[in-house]
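Heads up, the thing below is written out as structure tokens.
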Amino acid sequence: MTTAQARTELDVQPTPLALLLLGREADPRSERGVECPGDLPSPSDPDLVERARAAKEKLGEKVFVLGHHYQRDEVIQFADVTGDSFKLAKDAAARPEAEYIVFCGVHFMAESADILTTDDQMVVLPDLAAGCSMADMATAEQVAECWDVLTEAGIAEQVVPVSYMNSSADIKAFTGKHGGTICTSSNAKRALDWAFEQGEKVLFLPDQHLGRNTAVRDMGMSLEDCVLYNPHKPNGGLTAEQLRDAKMILWRGHCSVHGRFSLDSVEDVRARIPGVNVLVHPECKHEVVAAADYVGSTEYIIKTLEAAPAGSKWAIGTELNLVRRVANAHPDKEIVFLDKTVCFCSTMNRIDLPHLVWTLESLAEGNLVNRIQVDKETESFAKLALERMLALP
């Protein structure tokens, strides 16, 4: 397959269902399913790029724009920094002179930025409907009920919660309050090593796949050491004995993007492209990770492709916007999307150029919009959990 053919493979055509991902109506299942409170400019406005540039220039150092790797190119072009969620939150905290932090990502990311920045800084999310399906899968009420189940089973004192960065401020606060820590996809093993020094078991929230893959692939546990807690079933669908025997209590949550990749995807791409390297994110299912050649965080994926030799072949299992971007950045390598169907992050894609223009122009006119603000008690315990992560060896 030629490089040109590889790029063509990235032009994945949306299915009818996938068209919802790029729609404008609020998704009732999203973390914050609300409509934009203002009048958005038309997406067909030919002056959108110039309007965004002019508003950002008018704001000057008062605004700092963060762009997550999964954002559209039309948005990324205006980002002052790009990265994964935790890197961006830290970048925001390192810019105390910026009055407005415009976070082009999703809701939990903006919450993390608000937790780590000063009280004088205001974090803005261009579209309040940009939530996260994974974060939605663990609510504060559900997790509190789970802790009651663990208490009734007589094991709560042995359990240390470890929550993925991709969780709400409420879940981060729960984690901090109960002696746990936050992790990212790049330091999950370090977080689990620390947790098992504090207790005998881990409650891993909210992504079952990252928890399972880290425990089994990186720490040598067995699949039998892991049980799956389903918040929609009585007692999580588990017996007290199963909870007592487990080392890893995995929350039944997952990433809607990475959960789409299958073992068939891996086998199909190997058959189509001899010698291909399969590189996937650890949020993928265990069987996908086990069949891959390389596994790592978004930053790891980017760095691996940067270091790869010219002419090498790669099938990437992560969000499509990022795969297209790295493919365009490395024309000397054959980079394809692991799956044949569309795999945009639906809520991340809600932030488009019209939303960004509306946000920047509103701020330039002195109108604060879509501020994300975490209450002080939640912020205190969430920050404690984040600080434990920052202190990991």
Requested in this report: Measure across Asp293 and Val276 and return the closest heavy-atom pair with its distance rounded to 0.1 Å.
Outcome: OD2-O, 3.7 Å

Query raised in the report: Is there a side-chain contact between Asn230 and Trp251 (heavy atoms, below 4.5 Å)?
Result: no

Requested in this report: Side-chain contact test, heavy atoms from C-beta onward, threshold under 4.5 Å: evaluate it for Leu356 versus Cys104 and give yes or no.
Outcome: yes

Report task. Working to the nearest 0.5 Å, report the span between CG of Asp84 and NZ of Lys90. Result -> 8.5 Å

**Report entry** Thr175 vs Val162 side-chain heavy atoms within contact, under 4.5 Å
**Finding:** no

Query - Residue Glu157 excluded, over 12 heavy atoms near CD under 6.0 Å - result: no

Query - Taking every non-hydrogen atom, the tightest pair across Pro282 and Ser297 - result: CD-N, 4.0 Å

Query raised in the report: Just by distance, do the side chain of Glu267 and the backbone of Asp264 share a donor-acceptor pair under 3.5 Å?
Result: no

**Report entry** Any Cys255 side-chain heavy atom under 4.5 Å of His209 side chain
**Finding:** no

Query raised in the report: Is Arg212 salt-bridged to Asp225, cutoff N-O under 4.0 Å?
Result: no

Query raised in the report: Which pair of heavy atoms, one from Leu192 and one from Ala215, lies closest together, and at what distance?
Result: CD1-N, 4.4 Å

Requested in this report: Please say whether more than 12 non-hydrogen atoms of neighbouring residues, nucleotides or ligands are located less than 6.0 Å from CD in Glu57.
Outcome: no

Requested in this report: Examine distances only and state if a side-chain atom of Ser380 and a backbone atom of Lys376 form a donor-acceptor pair shorter than 3.5 Å.
Outcome: no

**Report entry** Charged N-O contact under 4.0 Å between Asp80 and Lys56
**Finding:** yes

Query raised in the report: Looking only at heavy atoms, what is the nearest atom pair of Ala92 and Leu66, with distance?
Result: CB-CD1, 3.9 Å

Requested in this report: Determine whether Glu99 and Val63 make a side-chain contact, defined as any pair of heavy atoms from C-beta on separated by less than 4.5 Å.
Outcome: no

Query raised in the report: If you draw a 6.0 Å radius around CZ in Arg270, do more than 12 non-hydrogen atoms from other residues or ligands fall strictly inside?
Result: yes

Report task. Check Lys87, His69, Arg325 against Thr82 for a side-chain contact (heavy atoms from CB on, under 4.5 Å) and give me the one that passes. Result -> His69

Query - Closest non-hydrogen atom pair, Trp358 against Val369 - result: CH2-CB, 3.6 Å

Query raised in the report: Can Lys62 be said to sit on top of Tyr100's aromatic six-ring, NZ or CZ under 6.0 Å from centre and within 45° of the ring axis?
Result: no

Requested in this report: State whether a side-chain donor-acceptor pair under 3.5 Å links Asn187 with Thr184.
Outcome: yes

Report task. Step through the shown structure and confirm whether more than 12 heavy atoms of other residues, nucleotides or ligands are within 6.0 Å of CD on Glu50. Result -> yes

Query raised in the report: Around Glu61, counting heavy atoms of other residues, nucleotides and ligands shown, do more than 12 lie under 6.0 Å from its CD?
Result: no

Query raised in the report: Under a 4.0 Å N-O cut-off, is there an ion pair linking Arg350 with Asp127?
Result: yes

Query raised in the report: Is the gap between the ring centers of Phe337 and Phe261 under 6.0 Å?
Result: yes

Query raised in the report: Out of curiosity, does Val280 fall in the hydrophobic cluster containing Leu263 (side-chain heavy atoms, cut-off under 4.5 Å, transitive links)?
Result: no

Query raised in the report: So His258 and Tyr70, would you call those rings parallel, tilted or perpendicular, with 30° and 60° as cut-offs?
Result: tilted

